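Accompanying notes for the structure given below.
If you read the sequence from its start, that first residue is 1, and numbering goes on from there. Here the structure is a predicted model, which means the values were calculated and not measured.
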Amino acid sequence: MASRQALNAVRQVKPLISSTPGDAKIRVLSLYKAWYRHIPYMVRDFDVPPSIAECRQVLRENFKKNANVRDLRVIDMLVFKGQQDLKEVVEHWKQPNHIMAKWFSSSYMPEKPKDFIGKFLSGQD
């Protein structure tokens, strides 16, 4: 009896933008191409230390990180966030430190001193 009520309680949710997996794939690929084409302008305009090849490698890794996502609503949300980030970069609403923190959080950051003299000279506690 309880299982029948549980089945009746499940309802179909509407997708955000994409109605089929093929439609979502087209949106993801168009976002990837837009980012790939804009990376040279981003490197030149923001004067970030990584090269164009390194930025494209990070872009590829970020897209491959989410390659196993199958839910259309999650894919649409990720595509929307990617489009929003691209628009912020294109319109220069982001600063170089925002780009470096989001894309290259571990590399290109100066290493913090570990000994007493290094911490003292850098002003850390």
Give every donor-acceptor pair under 3.5 Å between a side-chain atom in residues 82-91 and any protein atom, sequence neighbours left out.
unit_1 : atom_1 : unit_2 : atom_2 : d
Asp85  : OD2    : Lys102 : NZ     : 2.8

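Take Phe80 and apply the ring-ring contact (aromatic ring centres under 6.0 Å, His included) test, not counting sequence neighbours, and it matches no residue. Applying the ring-ring contact (aromatic ring centres under 6.0 Å, His included) criterion to His98, with sequence neighbours excluded, gives no partner residue. Checked against side chain to side chain contact (heavy atoms under 4.5 Å, CB included), Asp47 has no partners two or more places apart in sequence or in another chain. For Ile52, the side chain to side chain contact (heavy atoms under 4.5 Å, CB included) criterion is met by Ile39, Pro40, Val43, Arg56, not counting sequence neighbours.
The two atoms that bring Cys55 and Trp103 nearest to each other are O-CZ3, 3.5 Å, heavy atoms only.
Within the structure, the salt bridge (charged side-chain N to carboxylate O under 4.0 Å, His left out) test picks out the following pairs touching residues 59-71 (sequence neighbours left out): Asp71-Arg73. Counting only residues at least two apart or on different chains, the ring pair (Phe, Tyr, Trp, His ring centres under 6.0 Å) pairs with a member in residues 39-73 are Tyr32-Phe63, His38-Tyr41, Phe46-His92. Residue pairs satisfying the salt bridge (charged side-chain N to carboxylate O under 4.0 Å, His left out) criterion with at least one member in residues 26-43, sequence neighbours excluded, are listed as follows: Asp23-Arg27.
Linking ILVMFWY side-chain heavy atoms closer than 4.5 Å, directly or via other members, places Leu121 and Phe116 in a single hydrophobic cluster. Under the 4.5 Å side-chain contact rule for hydrophobic residues, Ile26 and Leu31 do not share a cluster.
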Residue pair Asn66, Asn62: steps toward the side chain to side chain contact (heavy atoms under 4.5 Å, CB included) verdict: CA-CA 7 Å; Asn66 294 317; Asn62 285 340; over 6 Å; no
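Remark: Ile17 CD1 to Leu72 CG distance equals 11.0 Å, nearest 0.5 Å.
Residues Pro49 and Met100 meet the side-chain proximity criterion, which asks for heavy atoms closer than 4.5 Å.
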